[in-house]
Amino acid sequence: MNVPSDDLDRRLVVATQNGLPLVPRPYHRIAGQLGVSADEVMARLSKMLERGAIRRIGAVPNHYAIGYTANGMSVWDVPDARIDEFGARVGALEFVTHCYHRPRKLPEWPYNLFAMVHGGSRAEVLAKVGEIAGLLGSHCAAHDVLFSTDILKKTGLRIVT
Amino acid sequence: MREGREAPILDALDRAIVDGLQGGFPICERPYAEVAKTLGIDEEALIARLQRMLDARVLTRFGPMFQIERMGGSFVLAAMSVPDEDWARVVETVNAFPEVAHNYRRESGCNNGQNSARGARGGGFNMWFVLATETPDGIGVAVDAIETASGLPVFPFPKVKEYFVEMRLEVRRPEVLG
(Lines give C-alpha, C1' and ligand atoms only; values in the text may rest on other atoms or scores of the structure.)
Protein backbone atom coordinates (compact mmCIF):
# COMPACT_ATOMS: atom_id res chain seq x y z
CA MET A 1 0.00 0.00 0.00
CA ASN A 2 2.26 2.72 -1.22
CA VAL A 3 1.20 6.32 -0.97
CA PRO A 4 3.22 8.56 -3.27
CA SER A 5 5.16 11.01 -1.18
CA ASP A 6 4.76 14.65 -1.93
CA ASP A 7 7.39 17.30 -1.80
CA LEU A 8 6.96 18.36 1.84
CA ASP A 9 7.12 14.76 3.05
CA ARG A 10 10.34 14.29 1.14
CA ARG A 11 11.82 17.54 2.44
CA LEU A 12 10.95 16.49 6.00
CA VAL A 13 12.78 13.19 5.47
CA VAL A 14 15.84 15.02 4.19
CA ALA A 15 15.72 17.54 7.06
CA THR A 16 15.44 14.90 9.81
CA GLN A 17 17.16 11.77 8.49
CA ASN A 18 20.32 12.71 10.42
CA GLY A 19 18.19 13.22 13.51
CA LEU A 20 15.89 15.67 15.18
CA PRO A 21 17.58 18.93 16.25
CA LEU A 22 18.54 18.81 19.94
CA VAL A 23 17.11 22.23 20.68
CA PRO A 24 14.10 23.21 22.83
CA ARG A 25 11.82 23.77 19.81
CA PRO A 26 13.02 21.19 17.26
CA TYR A 27 9.97 21.37 14.99
CA HIS A 28 10.25 25.16 14.83
CA ARG A 29 13.91 24.79 13.87
CA ILE A 30 12.98 22.43 11.01
CA ALA A 31 10.17 24.78 9.92
CA GLY A 32 12.67 27.62 9.73
CA GLN A 33 14.99 25.53 7.57
CA LEU A 34 12.19 24.55 5.20
CA GLY A 35 10.45 27.93 5.05
CA VAL A 36 7.09 26.59 6.28
CA SER A 37 5.21 27.12 9.53
CA ALA A 38 5.90 25.02 12.62
CA ASP A 39 2.22 24.07 12.69
CA GLU A 40 2.53 22.69 9.18
CA VAL A 41 5.64 20.65 10.12
CA MET A 42 3.92 19.22 13.19
CA ALA A 43 0.67 18.46 11.34
CA ARG A 44 2.54 16.75 8.51
CA LEU A 45 4.72 14.65 10.83
CA SER A 46 1.58 13.58 12.72
CA LYS A 47 -0.01 12.46 9.46
CA MET A 48 3.12 10.57 8.44
CA LEU A 49 3.05 8.77 11.81
CA GLU A 50 -0.64 7.95 11.38
CA ARG A 51 -0.20 6.35 7.98
CA GLY A 52 2.97 4.52 8.94
CA ALA A 53 5.40 6.54 6.81
CA ILE A 54 7.10 7.19 10.16
CA ARG A 55 7.26 4.04 12.30
CA ARG A 56 8.09 5.99 15.44
CA ILE A 57 9.94 9.05 16.69
CA GLY A 58 12.60 8.51 19.32
CA ALA A 59 15.94 7.02 20.25
CA VAL A 60 17.61 4.25 18.26
CA PRO A 61 19.96 2.40 20.63
CA ASN A 62 23.10 0.62 19.59
CA HIS A 63 22.29 -2.99 20.53
CA TYR A 64 25.80 -3.72 21.74
CA ALA A 65 25.95 -0.63 23.94
CA ILE A 66 22.75 -1.52 25.82
CA GLY A 67 23.88 -5.04 26.61
CA TYR A 68 22.73 -7.11 23.63
CA THR A 69 26.18 -8.33 22.68
CA ALA A 70 24.91 -11.41 20.86
CA ASN A 71 22.70 -10.69 17.88
CA GLY A 72 21.66 -13.72 15.88
CA MET A 73 19.83 -13.88 12.58
CA SER A 74 18.21 -17.31 12.73
CA VAL A 75 17.18 -18.75 9.39
CA TRP A 76 14.89 -21.71 8.75
CA ASP A 77 13.89 -23.96 5.87
CA VAL A 78 10.16 -24.63 6.30
CA PRO A 79 7.55 -25.79 3.75
CA ASP A 80 6.31 -22.88 1.61
CA ALA A 81 2.75 -24.15 1.93
CA ARG A 82 2.75 -23.56 5.71
CA ILE A 83 5.17 -20.68 6.06
CA ASP A 84 2.54 -18.09 6.99
CA GLU A 85 1.37 -20.24 9.88
CA PHE A 86 4.94 -20.80 11.14
CA GLY A 87 5.95 -17.18 10.49
CA ALA A 88 3.07 -15.91 12.62
CA ARG A 89 3.93 -18.30 15.48
CA VAL A 90 7.67 -17.58 15.44
CA GLY A 91 7.01 -13.81 15.12
CA ALA A 92 4.78 -13.99 18.20
CA LEU A 93 7.60 -15.31 20.45
CA GLU A 94 8.50 -12.54 22.88
CA PHE A 95 12.24 -12.68 22.12
CA VAL A 96 11.92 -12.43 18.32
CA THR A 97 12.34 -8.80 17.21
CA HIS A 98 11.95 -9.20 13.44
CA CYS A 99 10.39 -12.06 11.50
CA TYR A 100 10.09 -12.30 7.73
CA HIS A 101 9.39 -14.69 4.87
CA ARG A 102 12.19 -14.19 2.30
CA PRO A 103 12.94 -16.15 -0.87
CA ARG A 104 15.38 -19.06 -0.91
CA LYS A 105 18.47 -18.72 -3.11
CA LEU A 106 19.21 -22.26 -4.20
CA PRO A 107 21.68 -23.87 -4.13
CA GLU A 108 23.50 -21.49 -1.77
CA TRP A 109 20.62 -20.68 0.55
CA PRO A 110 17.77 -23.09 1.39
CA TYR A 111 16.21 -20.89 4.12
CA ASN A 112 12.91 -19.04 3.71
CA LEU A 113 12.05 -17.87 7.25
CA PHE A 114 14.20 -15.25 9.03
CA ALA A 115 13.89 -14.43 12.75
CA MET A 116 16.19 -12.01 14.63
CA VAL A 117 17.06 -12.98 18.21
CA HIS A 118 19.07 -10.73 20.56
CA GLY A 119 20.70 -11.67 23.85
CA GLY A 120 23.51 -11.09 26.30
CA SER A 121 25.50 -14.09 25.11
CA ARG A 122 25.61 -16.53 22.23
CA ALA A 123 24.52 -19.30 24.60
CA GLU A 124 21.41 -17.31 25.52
CA VAL A 125 20.59 -16.68 21.85
CA LEU A 126 21.19 -20.32 20.96
CA ALA A 127 18.85 -21.40 23.78
CA LYS A 128 16.14 -19.17 22.32
CA VAL A 129 16.87 -20.50 18.84
CA GLY A 130 16.40 -23.96 20.37
CA GLU A 131 12.88 -22.91 21.41
CA ILE A 132 12.11 -21.95 17.81
CA ALA A 133 13.51 -25.30 16.66
CA GLY A 134 11.20 -27.02 19.14
CA LEU A 135 8.21 -25.08 17.85
CA LEU A 136 8.95 -25.96 14.22
CA GLY A 137 9.89 -29.56 14.98
CA SER A 138 10.16 -31.87 11.99
CA HIS A 139 8.62 -29.22 9.70
CA CYS A 140 12.02 -27.54 9.60
CA ALA A 141 14.46 -29.25 7.20
CA ALA A 142 17.51 -27.14 8.18
CA HIS A 143 18.40 -24.04 10.12
CA ASP A 144 21.35 -21.85 10.99
CA VAL A 145 22.16 -18.79 13.13
CA LEU A 146 24.31 -16.00 11.76
CA PHE A 147 25.77 -13.87 14.57
CA SER A 148 26.80 -10.31 13.86
CA THR A 149 30.48 -9.81 14.67
CA ASP A 150 30.81 -6.18 13.58
CA ILE A 151 28.52 -3.25 12.81
CA LEU A 152 30.03 -1.99 9.56
CA LYS A 153 27.51 0.81 9.04
CA LYS A 154 24.36 1.98 10.80
CA THR A 155 23.20 5.30 9.45
CA GLY A 156 19.64 4.37 8.56
CA LEU A 157 17.81 5.72 5.57
CA ARG A 158 19.61 8.41 3.56
CA ILE A 159 17.84 10.12 0.70
CA VAL A 160 20.40 11.59 -1.64
CA THR A 161 19.78 15.26 -2.27
CA MET B 1 31.47 -1.67 17.47
CA ARG B 2 32.88 -5.15 17.78
CA GLU B 3 31.39 -7.91 19.81
CA GLY B 4 32.94 -8.12 23.24
CA ARG B 5 33.96 -4.47 23.38
CA GLU B 6 33.16 -2.97 26.74
CA ALA B 7 29.79 -1.28 26.89
CA PRO B 8 29.65 2.32 28.14
CA ILE B 9 28.36 2.72 31.69
CA LEU B 10 24.77 3.88 31.77
CA ASP B 11 23.25 5.22 34.97
CA ALA B 12 19.61 4.81 35.99
CA LEU B 13 18.58 8.02 34.25
CA ASP B 14 20.30 7.02 30.98
CA ARG B 15 18.48 3.69 31.12
CA ALA B 16 15.15 5.39 31.78
CA ILE B 17 15.74 7.64 28.76
CA VAL B 18 16.74 4.79 26.44
CA ASP B 19 13.88 2.55 27.60
CA GLY B 20 11.27 5.28 27.66
CA LEU B 21 12.14 7.12 24.49
CA GLN B 22 12.30 4.45 21.78
CA GLY B 23 9.07 5.81 20.44
CA GLY B 24 6.30 8.18 21.30
CA PHE B 25 8.43 11.32 21.29
CA PRO B 26 5.76 14.04 21.27
CA ILE B 27 5.00 16.37 18.39
CA CYS B 28 4.44 19.70 20.12
CA GLU B 29 6.19 23.01 20.66
CA ARG B 30 8.49 21.93 23.52
CA PRO B 31 8.73 18.11 23.22
CA TYR B 32 11.96 17.76 25.22
CA ALA B 33 10.43 19.76 28.09
CA GLU B 34 7.35 17.52 28.05
CA VAL B 35 9.41 14.30 28.19
CA ALA B 36 11.81 15.77 30.77
CA LYS B 37 8.90 16.45 33.10
CA THR B 38 7.92 12.76 33.10
CA LEU B 39 11.53 11.85 34.00
CA GLY B 40 11.71 14.46 36.76
CA ILE B 41 14.48 16.46 35.09
CA ASP B 42 14.53 19.66 33.09
CA GLU B 43 14.63 20.15 29.34
CA GLU B 44 18.27 21.17 29.26
CA ALA B 45 19.36 18.07 31.18
CA LEU B 46 17.46 15.75 28.82
CA ILE B 47 18.99 17.37 25.76
CA ALA B 48 22.47 17.09 27.29
CA ARG B 49 21.94 13.39 28.11
CA LEU B 50 20.75 12.64 24.59
CA GLN B 51 23.74 14.46 23.11
CA ARG B 52 26.12 12.55 25.37
CA MET B 53 24.62 9.17 24.46
CA LEU B 54 24.76 10.03 20.76
CA ASP B 55 28.42 11.07 21.12
CA ALA B 56 29.19 7.83 23.00
CA ARG B 57 27.32 5.82 20.32
CA VAL B 58 24.94 4.39 22.90
CA LEU B 59 22.33 5.81 20.55
CA THR B 60 22.90 5.64 16.83
CA ARG B 61 20.17 8.21 16.10
CA PHE B 62 17.49 10.32 17.70
CA GLY B 63 14.54 11.26 15.51
CA PRO B 64 11.89 9.85 13.19
CA MET B 65 12.30 6.30 11.85
CA PHE B 66 10.96 6.39 8.33
CA GLN B 67 9.18 3.50 6.64
CA ILE B 68 10.13 4.44 3.09
CA GLU B 69 7.85 1.76 1.63
CA ARG B 70 4.92 3.91 2.72
CA MET B 71 6.40 6.74 0.65
CA GLY B 72 6.83 4.77 -2.56
CA GLY B 73 10.31 3.46 -1.84
CA SER B 74 11.87 0.12 -0.92
CA PHE B 75 13.94 -1.56 1.79
CA VAL B 76 15.71 -4.76 0.74
CA LEU B 77 18.09 -7.03 2.68
CA ALA B 78 21.04 -8.20 0.59
CA ALA B 79 24.04 -10.44 1.20
CA MET B 80 27.50 -10.99 -0.21
CA SER B 81 30.15 -13.62 0.27
CA VAL B 82 33.37 -11.66 0.69
CA PRO B 83 36.79 -13.35 0.81
CA ASP B 84 38.77 -12.41 3.95
CA GLU B 85 41.70 -11.02 1.96
CA ASP B 86 39.35 -8.64 0.15
CA TRP B 87 37.32 -7.66 3.22
CA ALA B 88 38.55 -4.11 3.88
CA ARG B 89 38.23 -3.03 0.26
CA VAL B 90 34.70 -4.40 -0.08
CA VAL B 91 33.52 -2.84 3.21
CA GLU B 92 34.71 0.53 2.00
CA THR B 93 33.15 0.05 -1.45
CA VAL B 94 29.76 -1.09 -0.15
CA ASN B 95 29.51 1.46 2.69
CA ALA B 96 30.26 4.31 0.27
CA PHE B 97 26.80 3.80 -1.28
CA PRO B 98 24.25 6.08 0.42
CA GLU B 99 21.60 3.47 -0.39
CA VAL B 100 23.27 1.15 2.17
CA ALA B 101 21.38 2.01 5.38
CA HIS B 102 23.18 -0.49 7.59
CA ASN B 103 25.67 -3.24 7.13
CA TYR B 104 26.71 -6.11 9.44
CA ARG B 105 29.42 -8.71 9.37
CA ARG B 106 27.91 -12.07 10.26
CA GLU B 107 29.26 -15.55 10.87
CA SER B 108 27.54 -18.84 11.37
CA GLY B 109 27.37 -19.62 15.08
CA CYS B 110 25.99 -23.13 15.31
CA ASN B 111 26.54 -26.58 13.91
CA ASN B 112 22.95 -27.29 13.06
CA GLY B 113 23.11 -26.18 9.46
CA GLN B 114 24.36 -29.57 8.37
CA ASN B 115 21.71 -29.80 5.69
CA SER B 116 22.60 -26.52 4.04
CA ALA B 117 23.80 -26.63 0.49
CA ARG B 118 27.41 -27.43 -0.29
CA GLY B 119 28.14 -27.86 3.41
CA ALA B 120 28.86 -24.13 3.61
CA ARG B 121 26.89 -22.96 6.62
CA GLY B 122 25.08 -19.69 6.15
CA GLY B 123 25.69 -20.10 2.42
CA GLY B 124 29.06 -18.46 2.99
CA PHE B 125 27.35 -15.06 3.18
CA ASN B 126 29.35 -12.95 5.62
CA MET B 127 28.21 -9.42 4.72
CA TRP B 128 24.54 -8.48 5.20
CA PHE B 129 23.23 -5.02 4.43
CA VAL B 130 19.94 -3.22 3.94
CA LEU B 131 19.36 -1.11 0.86
CA ALA B 132 16.88 1.77 1.15
CA THR B 133 15.84 3.58 -2.02
CA GLU B 134 13.20 6.14 -2.90
CA THR B 135 11.72 4.00 -5.68
CA PRO B 136 11.45 0.19 -6.05
CA ASP B 137 13.54 0.44 -9.26
CA GLY B 138 16.35 1.98 -7.24
CA ILE B 139 17.09 -1.39 -5.58
CA GLY B 140 18.09 -3.10 -8.83
CA VAL B 141 20.16 -0.10 -9.84
CA ALA B 142 21.99 -0.14 -6.49
CA VAL B 143 22.55 -3.92 -6.64
CA ASP B 144 24.06 -3.61 -10.13
CA ALA B 145 26.22 -0.67 -9.09
CA ILE B 146 27.54 -2.50 -6.00
CA GLU B 147 28.32 -5.60 -8.09
CA THR B 148 30.20 -3.48 -10.61
CA ALA B 149 32.11 -1.53 -7.96
CA SER B 150 33.01 -4.59 -5.84
CA GLY B 151 33.42 -7.18 -8.58
CA LEU B 152 31.39 -9.61 -6.43
CA PRO B 153 27.81 -10.89 -6.77
CA VAL B 154 25.10 -9.36 -4.56
CA PHE B 155 22.15 -11.55 -3.47
CA PRO B 156 18.99 -9.59 -2.67
CA PHE B 157 16.52 -11.12 -0.18
CA PRO B 158 13.37 -9.01 -0.68
CA LYS B 159 10.75 -9.73 1.96
CA VAL B 160 7.83 -11.81 0.78
CA LYS B 161 5.92 -11.17 4.01
CA GLU B 162 6.58 -9.36 7.28
CA TYR B 163 5.24 -11.26 10.29
CA PHE B 164 6.58 -9.09 13.08
CA VAL B 165 8.83 -6.06 13.61
CA GLU B 166 9.65 -4.73 17.07
CA MET B 167 12.24 -2.03 17.12
CA ARG B 168 12.36 -1.47 20.89
CA LEU B 169 14.85 -3.20 23.15
CA GLU B 170 15.08 -2.65 26.88
CA VAL B 171 18.47 -1.85 28.35
CA ARG B 172 19.72 -4.99 30.04
CA ARG B 173 20.34 -4.61 33.78
CA PRO B 174 24.00 -3.90 34.56
CA GLU B 175 24.35 -7.05 36.66
CA VAL B 176 23.76 -9.20 33.61
CA LEU B 177 26.10 -7.17 31.43
CA GLY B 178 29.19 -9.07 30.38
Side-chain angles (χ1 to χ4, degrees), chain A residues 2-5 9 13 16 19-20 22 24-25 42 45-46 51-62 64-69 87-88 91 97-103 105 107-110 120 122 126 141-154 156-160, chain B residues 1-3 7-8 18 21-23 25 27 29-30 43 47 50-51 57-68 70-72 91 95 98 100-110 112-113 115-117 121-123 132 134 155 157 159-166 171-172 176-177:
Chain A
N2 289 341
V3 181
S5 65
D9 284 2
V13 174
T16 61
L20 214 53
L22 289 170
R25 292 179 176 78
M42 291 192 283
L45 288 173
S46 300
R51 68 182 172 88
I54 295 174
R55 278 189 191 273
R56 61 192 176 89
I57 303 177
V60 183
N62 173 330
Y64 290 78
I66 62 168
Y68 296 88
T69 49
T97 58
H98 296 66
C99 187
Y100 296 100
H101 174 193
R102 300 185 187 279
K105 293 273 191 283
E108 291 91 348
W109 188 262
R122 288 194 177 195
L126 289 174
H143 78 276
D144 200 351
V145 190
L146 281 80
F147 284 100
S148 64
T149 55
D150 204 357
I151 301 177
L152 305 169
K153 184 175 185 181
K154 194 174 179 187
L157 168 71
R158 284 295 179 277
I159 285 182
V160 187
Chain B
M1 185 177 288
R2 279 178 194 282
E3 204 172 353
V18 176
L21 258 193
Q22 289 181 46
F25 189 68
I27 299 176
E29 187 178 347
R30 301 281 291 270
E43 180 183 52
I47 289 175
L50 288 170
Q51 186 64 62
R57 296 203 0 103
V58 172
L59 302 179
T60 58
R61 268 185 91 245
F62 183 82
M65 294 279 285
F66 294 102
Q67 166 45 304
I68 202 168
R70 296 283 169 87
M71 292 184 275
V91 170
N95 285 358
V100 174
H102 33 89
N103 187 3
Y104 290 88
R105 182 169 195 158
R106 293 191 180 279
E107 64 178 29
S108 178
C110 76
N112 299 325
N115 295 329
S116 51
R121 295 201 309 271
E134 280 195 83
F155 294 81
F157 289 88
K159 62 175 168 265
V160 178
K161 190 157 185 181
E162 175 180 302
Y163 299 110
F164 183 73
V165 175
E166 171 59 78
V171 178
R172 292 173 69 92
V176 298
L177 287 182

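- Between B:Phe25 and B:Phe62, the ring planes are perpendicular. Angles over 60° get that label, and only those under 30° would be called parallel.
- Aromatic rings from A:Tyr100 and B:Phe157 are positioned such that their centres are separated by 6.0 Å or more.
- None of B:Arg61, B:Gln22, B:Arg57 except one satisfies the side-chain contact (heavy atoms from CB on, under 4.5 Å) rule with A:Pro61; the exception is B:Gln22.
- Residue with the most contacts toward chain A among B:Gln67, B:Gln51, B:His102: B:Gln67 (heavy-atom pairs, distance under 4.5 Å).
- Looking at B:Glu43, the atoms closer than 4.5 Å to chain A (heavy atoms on both sides) all sit in the side chain, from C-beta outward.
- Heavy-atom pairs under 4.5 Å with chain B were tallied for A:Ala53, A:Ala88, A:Gly91; the largest tally goes to A:Ala53.
- Both the backbone and the side chain of B:Val100 come within less than 4.5 Å of a heavy atom of chain A.
- With a 4.5 Å cut-off on side-chain heavy atoms, A:Ile151 and B:Tyr104 count as touching.
- Interface summary for chain B: among A:Leu20, A:Leu22, A:Leu152, the most heavy-atom pairs under 4.5 angstrom belong to A:Leu152.
- Using a 4.5 Å cut-off on side-chain heavy atoms (C-beta onward), B:Met65 and A:Val60 make contact.
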